[in-house]
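First the structure, in the form of structure tokens, and then the observations on it.
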Amino acid sequence: MSVHQSSNIKRITTHILQEMKNRGEKISMLTAYDFSMAGIVDAAGIDIILVGDSASNVMAGHETTLPITMDQMIYHATSVVRAVKRAFVVVDIPFGSYQGNSSEALRSAIRIMKESGAHAVKVEGGSEIKESITRILSAGVPVMGHLGLTPQSIYKFGTYTVRAKEEEEANKLIADAKILEEAGCFAIVLEKIPAKLAKQVAETVSIPVIGIGAGGDVDGQVLVVHDMLGITQEFKPRFLRQYADLRTTMTEAVQNYITDVKAKDFPNESESY
Ligand code: KIV
């Protein structure tokens, strides 16, 4: 892993991500939605930061990703971009801002790029949104695709279980991955599909394939940062590895603070003017 130095930082680009796939170096990706978290994740050496529309769940407490707006996504993205020195920053175009209307898709992508300073956008879907992807790419905006369990379509699926277990859906997913590659996407996220199928996709397309719940035989991995740090503890899917228990750490810190305030132990003389 290449962790950045405070001087001479080489920014990650789509070109570098492609080179990583070509030489078999795995790509690391995490979400972030605010300045403080993005600064930590970037300084730790992550390759891609996704300002995911999972902000709708994690930051705003909505049940799905559908309610988050363009203005809210741009607010999160702007805060993240201000903190990032090395990582490639990708922003989800929110639900309803690109499907079915390629002119609106282009407008949305340009707003995100112009107002937030991010480096690319992400959209969910395959053949259905090909025209929107082509239009966004025509403006020189890099596009990351997202196939498999696409949370913006949760009411169509009706469940968050593993997608593409049946042959028909698996074949469509492979066809969609090829469409995204041919359209010019620089990478594809595959969410919650069988590992065998994800491997097949990663071997079929030449662009990087980043998995979440898609096994280890893809070109990189992405997780929601609040999940892997153990801040959101109610969400424990099989694919999630929890690297810390920050909810417990934070709860104990807050409880200790309350105790000290109540006991008149905080602030002490050295903490006063
Ligand atoms: O919004 C998000 O966090 C995502 C990841 C789960 C890939 O799309």
Side-chain angles (χ1 to χ4, degrees), residues 17 26-34 37-38 41 46-70 72-77 79-80 87-99 108-109 112 116 118-126 129 133 142-154 157 160-164 173 176-177 180 185-193 198 201-202 207-215 218-229 231-232 235-242:
L17 295 169
K26 298 282 186 186
I27 297 165
S28 62
M29 174 166 154
L30 282 173
T31 63
Y33 318 103
D34 68 83
M37 187 70 86
V41 170
I46 206 79
D47 298 314
I48 305 177
I49 292 181
L50 172 66
V51 184
D53 58 1
S54 49
S56 180
N57 313 102
V58 177
M59 302 304 285
H62 292 297
E63 206 177 303
T64 73
T65 58
L66 276 66
I68 201 159
T69 65
M70 272 294 283
Q72 289 164 343
M73 285 305 295
I74 288 171
Y75 168 76
H76 287 298
S79 308
V80 166
F88 190 74
V89 179
V90 182
V91 180
D92 265 326
I93 307 187
F95 174 70
S97 310
Y98 64 94
Q99 298 99 333
S108 300
I112 287 172
S116 75
H119 311 134
V121 296
K122 178 164 82 59
V123 288
E124 296 183 5
I129 57 158
I133 291 173
V143 178
M144 175 180 267
H146 185 157
L147 299 171
L149 177 62
T150 45
Q152 291 180 7
S153 303
I154 189 58
F157 299 143
Y160 283 101
T161 56
V162 181
R163 301 306 314 173
L173 191 141
D176 278 341
L180 295 182
C185 287
F186 73 93
I188 302 171
V189 166
L190 293 182
E191 181 164 352
K192 219 166 176 190
I193 63 167
V201 173
I207 55 175
V209 172
I210 316 285
I212 173 165
V218 286
D219 306 306
Q221 297 293 328
V222 56
L223 287 175
V224 169
V225 73
H226 288 68
D227 297 339
M228 59 84 76
L229 291 177
I231 298 173
T232 46
F235 181 69
K236 282 206 172 90
R238 171 181 168 150
F239 68 74
L240 175 64
R241 187 178 295 180
Q242 201 179 301

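It should be emphasised that the depicted structure is a prediction, and the values quoted were computed from it without experimental measurement. Just follow the structure's listing: the first ligand is 1, and inside any ligand the first atom is 1.
For ligand 1, the atoms closer than 4.0 angstrom to any heavy atom of T31 are 3 (O). Less than 4.0 angstrom separates some heavy atom of H146 from each of these atoms of ligand 1: 8 (O). For ligand 1 and D92, the ligand atoms under 4.0 Å from any heavy atom of the residue are 1 (O), 2 (C), 8 (O).
Proximity of the aromatic rings of F235 and Y160 is defined here by a centroid distance below 6.0 angstrom, and this criterion is not met.
Within the 3.5 Å criterion, the main-chain N or O of D53 finds no donor-acceptor partner in the side chain of T65.
For atom 8 (O) of ligand 1, the closest non-hydrogen atom on the protein side is K122 NZ, 2.9 Å. In this structure, the protein non-hydrogen atom closest to atom 6 (C) of ligand 1 is I212 CD1, 3.7 Å. Looking from atom 2 (C) of ligand 1 to the surrounding protein, the closest heavy atom is S54 OG, 3.2 Å. In this structure, the protein non-hydrogen atom closest to atom 4 (C) of ligand 1 is L50 CD2, 3.5 Å.
The aromatic rings of H76 and Y33 lie perpendicular to each other, with more than 60° between the two planes, well past the 30° mark.
Looking at residues two or more places apart in sequence or on another chain, you find no side chain to side chain donor-acceptor pair (under 3.5 Å) involving S153. By the side chain to side chain contact (heavy atoms under 4.5 Å, CB included) test, T69 pairs with D71, Q72, sequence neighbours left out.
Here the CD-CZ distance, from E191 to F239, works out to 6.0 Å after rounding to the nearest 0.5 Å.
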